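Handing you a structure now.
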Amino acid sequence: MCGIVGYIGRKDAVPFLIDGLKALEYRGYDSAGIYVTGSGAVKRAGKVAVLASSLPDTFSGNAGIAHTRWATHGPPTERNAHPHTDASQSVWIVHNGIIENHAELRDMLIQEGIPFSSDTDTEVLSQLIGTYHTRGDLLEDAVEKALKKIRGTYGLAVMSNREPSKIVIARLGSPLMFGVGTDEYYIASDATPLLSRTRNVIYLEDGELAILTKEGYVVRDMSRQPIEKTIETLEWSTEAAQKHSFEHFMLKEIMEIPEVIQDTLRGRVATKDGDAVLGGLRDVAKRFKDVRRIIITGCGSAYYAGFVGKHLIEEFAGIPVEIEIASELRYRPFTADPKHTVLLAVSQSGETADTLEAIRLAKKQGMLTLGIVNVVGSTIARETDAGIYNHAGPEIGVASTKAFVSQLVVLILVALFLGRMRTLSTAEGKKLAKALLKLPEQVRTILAGRKAIEKIARKYSNVENVLYIGRKYQCPVAYEGALKLKEISYIHAEGYGAGEMKHGPLALIDESFPTVALAPRDSLYEKMCSNIEEIRARGGKVIAVTTDGNNAIRRIADDVIFVPKTHEALLPILTTIPLQLFAYYVARERGLPIDKPRNLAKSVTVE
Ligand code: M6R
């Protein structure tokens, strides 16, 4: 992995390829490369800007492919950067995904006398394609034959200097699409690079291969049967994917949260009935009547949002909810009673490999699968039986912020929807609905006070460890707060259920190990105060996040961040925002690349 772009048409391909790579930078990468027909290939370790400045003035052509690589097999060097070629340098490919049987294929090809020039799994594919192609197969047939030999996942674009006016693309488990212009096509592994060029897009499905020339395109399956594709419309604006005057996308995306909540709620709250209107679930609503168990899954922040969702659904709808990270769920039998079980998958990108596999497994067993997804048209959105879009707009920063909040909002709506189908009273429903609509304004108040959070962040920016604790709804918020800090500031941080302190973590506490305590005035507030006292008694510093007016907490906390009062079930939305800002300001103080933290990619399309 990480990002693919391609162009074929009447114009020079280079401007789109470089712009496209820049638009994909947010996904994280460590090297980049480009191949253009007639000009050849250039690859560089490091930034796209380095690649762009290395291109000779004459570097141009009407077709080309380019890639940003996030190293999986072999270090991030020029020799391992894509595009990769074959021994005769006829074929050039860019590839996302993983070839699982690369070692055995490599051995086989080496025995046939084929020399390798990189450490990557991808080169196995370029060598295989090259072998078939130089023996006389058309490029598309050579690609197809090679793909039949490999095990693993791919989104790939292939060119050949024997057939220079053609690009062949194929997909299995790694997203790929192409924008349709007039006599030109733009290839990309996610929609962001396409936004500035076209709104018309065709998504490739798993097992599909497309042949693109400037005159047109053909999509076929692996048995060479043609497939009719529908041109879909991209909804996101170019504006939304730009940083404007903000120093980082992460801050911009946090500042967008009030509008994101409004967009997520739009048309979905029936205040008079105290209910949620979820059009995406309409067709499957009948099946909810018999649901006896819900399994929520996801990875990283999406999983933590699901954890809050577990509390919400159990409390408001009385349905038992299991929560499990997708990378574990996909490898365990969760077959019991599939007819009465719903799998609810949460994913911003809609492309996370583990989440997708868990969905496929659940579907195979006959479960109803639902998705809470931000990226319209993504694989998870298309493969689940039904779902709800976040409408959070493009999230560029690797750290999930606005999408996480939007996931929480959707999960509250789902809990309200399921609750009202069961035992939740109209009066309780109305209370929740009313509180939901106040959230955007309340978030604005928190954001307006961000200077105070920045000051606290500066004070703690040199620590080596931070503990985050919370109870019930605030427990997953603690997990999420710790994840946010560790991924962008590289400070070791752990989230814990506060009740666990005496079972181990308390041993860590001393003056150098601060704790962020999520202590809004909720049903477990008193218990949180006891946990804070225990930490203070061991010399630990405490940053408390509490609700407005609770000045008494100053007696037991070193620093206090206030959030507005709301319904207890909605508090995670408000308490999470100071934690995002805290992590942001700590990382900024440490001078780190906040939007693209080291070793991380925005969407994890391989296992
Ligand atoms: O696109 P997804 O929501 O499926 O991504 C899941 C995780 O990879 C993601 O939330 C990750 O943990 C973020 N970097 C957290 O900020």
Side-chain angles (χ1 to χ4, degrees), residues 4-14 16-17 20 33-43 55 59-67 69 79 81-97 99 105 109 112-118 120-150 154-172 174 176 178 183-189 204 208-220 222 224:
I4 289 176
V5 280
Y7 173 87
I8 189 157
R10 296 182 193 285
K11 297 185 197 130
D12 180 13
V14 177
F16 171 70
L17 297 179
I34 183 169
Y35 170 82
V36 168
T37 188
S39 289
V42 179
K43 310 199 261 184
L55 300 180
F59 197 85
S60 64
N62 296 140
I65 50 180
H67 189 259
R69 173 174 185 255
R79 105 190 199 103
H82 300 213
H84 286 287
T85 188
D86 64 316
S88 69
Q89 303 215 329
S90 316
V91 159
W92 293 88
I93 91 167
V94 291
H95 165 232
N96 284 347
I99 315 292
L105 290 171
L109 289 162
E112 286 176 18
I114 292 176
F116 273 73
S117 55
S118 81
T120 63
D121 54 336
T122 299
E123 194 185 345
V124 160
L125 205 42
S126 57
Q127 297 286 10
L128 271 179
I129 297 171
T131 312
Y132 296 123
H133 190 44
T134 46
R135 283 183 202 152
D137 279 322
L138 284 175
L139 185 62
E140 55 271 33
D141 299 342
V143 170
E144 182 198 296
K145 276 190 188 166
L147 292 179
K148 284 182 175 161
K149 288 253 179 223
I150 61 136
Y154 52 81
L156 81 158
V158 189
M159 293 189 70
S160 154
N161 54 20
R162 293 165 177 248
E163 296 177 54
S165 7
K166 183 191 274 182
I167 302 181
V168 175
I169 60 174
R171 170 200 164 138
L172 186 74
S174 204
L176 204 58
F178 59 97
D183 297 334
E184 58 182 359
Y185 299 96
Y186 302 91
I187 299 155
S189 51
L204 274 202
E208 290 180 352
L209 176 151
I211 305 142
L212 309 178
T213 63
K214 62 179 180 303
E215 284 81 28
Y217 64 89
V218 174
V219 181
R220 68 187 205 192
M222 288 296 161
R224 304 195 183 173

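A quick note: this is a predicted structure, and the numbers were derived from the prediction, not measured.
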inquiry  = Has His67 got a side-chain atom pairing as donor or acceptor with His95's backbone, closer than 3.5 angstrom?
reply    = yes

key: Ser88: side chain to side chain donor-acceptor pair (under 3.5 Å) partners, not counting sequence neighbours   = Asp86, Ser90

key: Euclidean distance, Leu17 CG relative to Leu55 CG, rounded to 0.5 Å   = 9.5 Å

query = If you round to the nearest 0.5 Å, how far is CG of Asn62 from OG of Ser165?
reply = 9.0 Å

task = Evaluate the side-chain proximity of Pro83 to Lys43: yes if any heavy-atom separation is below 4.5 Å, no if none is.
result = yes

message = Before you tell me yes or no, could you show the steps for Thr134 and Arg162 under side-chain contact (heavy atoms from CB on, under 4.5 Å), namely the whole-Å CA-CA distance, both residues' side-chain angles and the distance that decides it to 0.1 Å?
response = CA-CA 9 Å; Thr134 46; Arg162 293 165 177 248; 3.4 Å; yes

message = In the structure I gave you, are the side-chain heavy atoms of Glu144 and Arg220 within less than 4.5 Å of one another anywhere?
response = yes

note = Applying side chain to side chain contact (heavy atoms under 4.5 Å, CB included) to Ala157 and not counting sequence neighbours gives Ile4, Ile65, Val94, Ile167, Ile169

request  = Mind checking side chain to side chain donor-acceptor pair (under 3.5 Å) for Lys145 and listing every partner two or more places apart, or none if nothing turns up?
outcome  = Asp137

query = So which heavy atom on Gln127 is nearest to which on Ala87, and how close?
reply = OE1-N, 2.8 Å

request  = Evaluate the criterion side-chain contact (heavy atoms from CB on, under 4.5 Å) for residue pair Tyr154 and Asp121; output intermediate values, then yes/no.
outcome  = CA-CA 11 Å; Tyr154 52 81; Asp121 54 336; over 6 Å; no

query = What heavy-atom pair brings Gly155 and Ser174 nearest, and what distance separates the two atoms?
reply = N-CB, 3.4 Å

task = Return yes if a side-chain donor-acceptor contact under 3.5 Å exists between Ser126 and His84, otherwise no.
result = no

task = Please step through side-chain contact (heavy atoms from CB on, under 4.5 Å) for the pair His82 and Thr122, ending with a clear verdict.
result = CA-CA 8 Å; His82 300 213; Thr122 299; 3.3 Å; yes

request  = Could you check if a side-chain atom of Leu138 sits within less than 4.5 angstrom of a side-chain atom of Ile211, using non-hydrogen atoms only?
outcome  = no

inquiry  = Can you confirm whether Leu176 sits close enough to Glu208 that some side-chain heavy atom of one is under 4.5 Å from a side-chain heavy atom of the other?
reply    = no

key: Expected output: side-chain Asp183 to main-chain Gly9 donor-acceptor under 3.5 Å   = no

query = Do the side chain of Asp12 and the main chain of Ser60 share a donor and acceptor less than 3.5 angstrom apart?
reply = no

request  = Taking only Lys NZ, Arg NE, NH1 and NH2, and the carboxylate oxygens of Asp or Glu, determine whether Lys148 and Asp141 approach each other closer than 4.0 Å.
outcome  = no

request  = Can you sort out the partners of Ala146 under side chain to side chain contact (heavy atoms under 4.5 Å, CB included), two or more places apart, ordered by chain and number?
outcome  = Leu125, Leu128, Ile129, Tyr132

ask   = Where is the tightest heavy-atom contact between Pro164 and Ala63, given as atom of each residue plus distance?
value = O-CB, 4.1 Å

query = Would you say the side-chain atoms of Glu163 pair up with the backbone N or O of Leu139, donor to acceptor, closer than 3.5 Å?
reply = yes

Shortest non-hydrogen separation from Phe59 to Val14 and the atoms involved = O-CG2, 3.5 Å

query = Parallel under 30°, tilted from 30 to 60°, perpendicular over 60°: which one fits the rings of Tyr217 and Tyr185?
reply = perpendicular

ask   = Taking all atoms of both residues into account, what is the closest heavy-atom pair of Asn96 and Ser189, and its distance?
value = ND2-CB, 3.7 Å

inquiry  = Could you tell me if the side chain of Leu172 sits less than 4.5 Å from the side chain of Leu147, heavy atoms only?
reply    = no

message = Tell me every residue that passes side chain to side chain donor-acceptor pair (under 3.5 Å) with Tyr7, counting only those two or more places apart in sequence or in another chain.
response = Glu184

query = With a 4.5 Å heavy-atom cut-off, do Thr120 and Arg69 have their side chains touching?
reply = yes

task = Please lay out, stage by stage, how Leu109 and Thr131 fare under the test side-chain contact (heavy atoms from CB on, under 4.5 Å).
result = CA-CA 9 Å; Leu109 289 162; Thr131 312; 4.2 Å; yes

message = Going by side chain to side chain donor-acceptor pair (under 3.5 Å), name the residues that satisfy it together with Glu140, two or more places apart in sequence or in a different chain.
response = Lys166

